[in-house]
Amino acid sequence: MARPEKVSEVASIEERLKKSNAVILTDFRGLTVGELTALRARLREAGGEYRVVKNRLFGIAARAAGIDELGACIEGPTAAAFVDEDPGAVARILLEFTRQTRKLAVKGGILSGSVIDGAGARSLADLPTRPVLLARVVGGVAAPLSGLGGVLKGLPRALVIALEEIRKQREAA
């Protein structure tokens with residue numbers, strides 16, 4: 001018979017999995033309480049939540065959320081960074097923290113309901129930030145429009161120049 005606190009924990013993890021844009025799973029061995037607290041604070045600022053999870057309960061919650069093939073991602077001590085906003089920002093914080101402390105290891109994750117390996121989770125850090133992506137989209141849309149504006153503005157100018165040349169030819173003749 002399942003204990004109520006475990007059922008509650010599975011339900012909490014399942015709800016968090018369904019609500020999150022991404023989840024990055026890490027091995028947190030060797031981190032001190034102070035380091036974990038600092039990491040949690042930085043992730044919270046970036047729209048993430050970092051919590052230690054029990055592998056068995058996380059696996060049950062993942063299956064209930066429709067995610068089946070976590071495999072090696074939930075072996076050994078596991079902590080999950082649940083991402084509400086920008087997965088790239090959270091991944092950058094985790095990788096920067098890994099470089100600083102040499103204690104944290106990214107094991108894999110879940111992105112839009114699909115399981116990604118450790119390399120895939122680390123590659124999220126290479127994605128541009130949301131404002132940069134939006135600026136690129138706006139620039140991509142604006143560039144052809146400004147070119148079209150230049151062409152349309154040039155047509156009347158060319159017509160005026162042609163008419164001026166015709167007037168000069170008629171005056172000369």
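Only heavy atoms go into these numbers, but all of them, side chains included; no hydrogens, no water, no symmetry mates.
The residues Arg16 and Asp84 are annotated as salt-bridged, a charged nitrogen and a carboxylate oxygen being separated by less than 4.0 angstrom.
A salt bridge (Lys or Arg N to Asp or Glu O under 4.0 Å) with Glu35 holds for exactly one of Arg29, Lys103, Arg40; it is Lys103.
In this view, Leu104 and Thr26, Phe28, Leu31, Leu39, Tyr50, Leu94, Phe97, Thr98 satisfy the side-chain contact (heavy atoms from CB on, under 4.5 Å) rule, not counting sequence neighbours.
Heavy-atom contacts from other residues, nucleotides or ligands closer than 6.0 Å to CZ of Arg51 number more than 12. In Gln100, the CD atom is crowded: over 12 heavy atoms of neighbouring residues, nucleotides or ligands sit closer than 6.0 Å. Counting heavy atoms of neighbouring residues, nucleotides and ligands inside a 6.0 Å radius, atom CZ of Arg167 exceeds 12 of them.
Between the CG atom of Leu57 and the CD atom of Glu5 there is a distance of 10.0 Å, given to the nearest 0.5 Å. Between the OG1 atom in Thr78 and the CG atom in Leu25 there is a gap of 6.5 Å [rounded to 0.5 Å]. Here CD1 of Ile93 is found 7.5 Å from CD of Glu45. Values are rounded to the nearest 0.5 Å. Within the model, atoms CD1 of Ile116 and CG of Leu111 stand 5.0 Å from one another, a figure rounded to the nearest 0.5 Å. We find the CD-CZ distance between Glu96 and Arg42 to be 4.5 Å, quoted to the nearest 0.5 Å.
Side-chain N or O atoms of Ser12 include none that pairs as donor or acceptor with a backbone N or O of Ser8 at under 3.5 Å. Within the 3.5 Å criterion, the main-chain N or O of Lys18 finds no donor-acceptor partner in the side chain of Ser20. Using a distance-only test at 3.5 Å, with no hydrogens or angles considered, no donor-acceptor pair links the side chain of Lys19 to the main chain of Phe82.
Contact record, Val10 with Ala61: O-CB, 3.5 Å, taken as the closest heavy-atom pair. Summarising the geometry of Val90 relative to Ala81, their closest heavy-atom pair is CG1-CB, 4.1 Å, with the distance given to 0.1 Å.
Connection of Val53 to Val7 is not established within any shared hydrophobic cluster, with ILVMFWY side chains joined at heavy-atom distances below 4.5 Å, either directly or through further cluster members.
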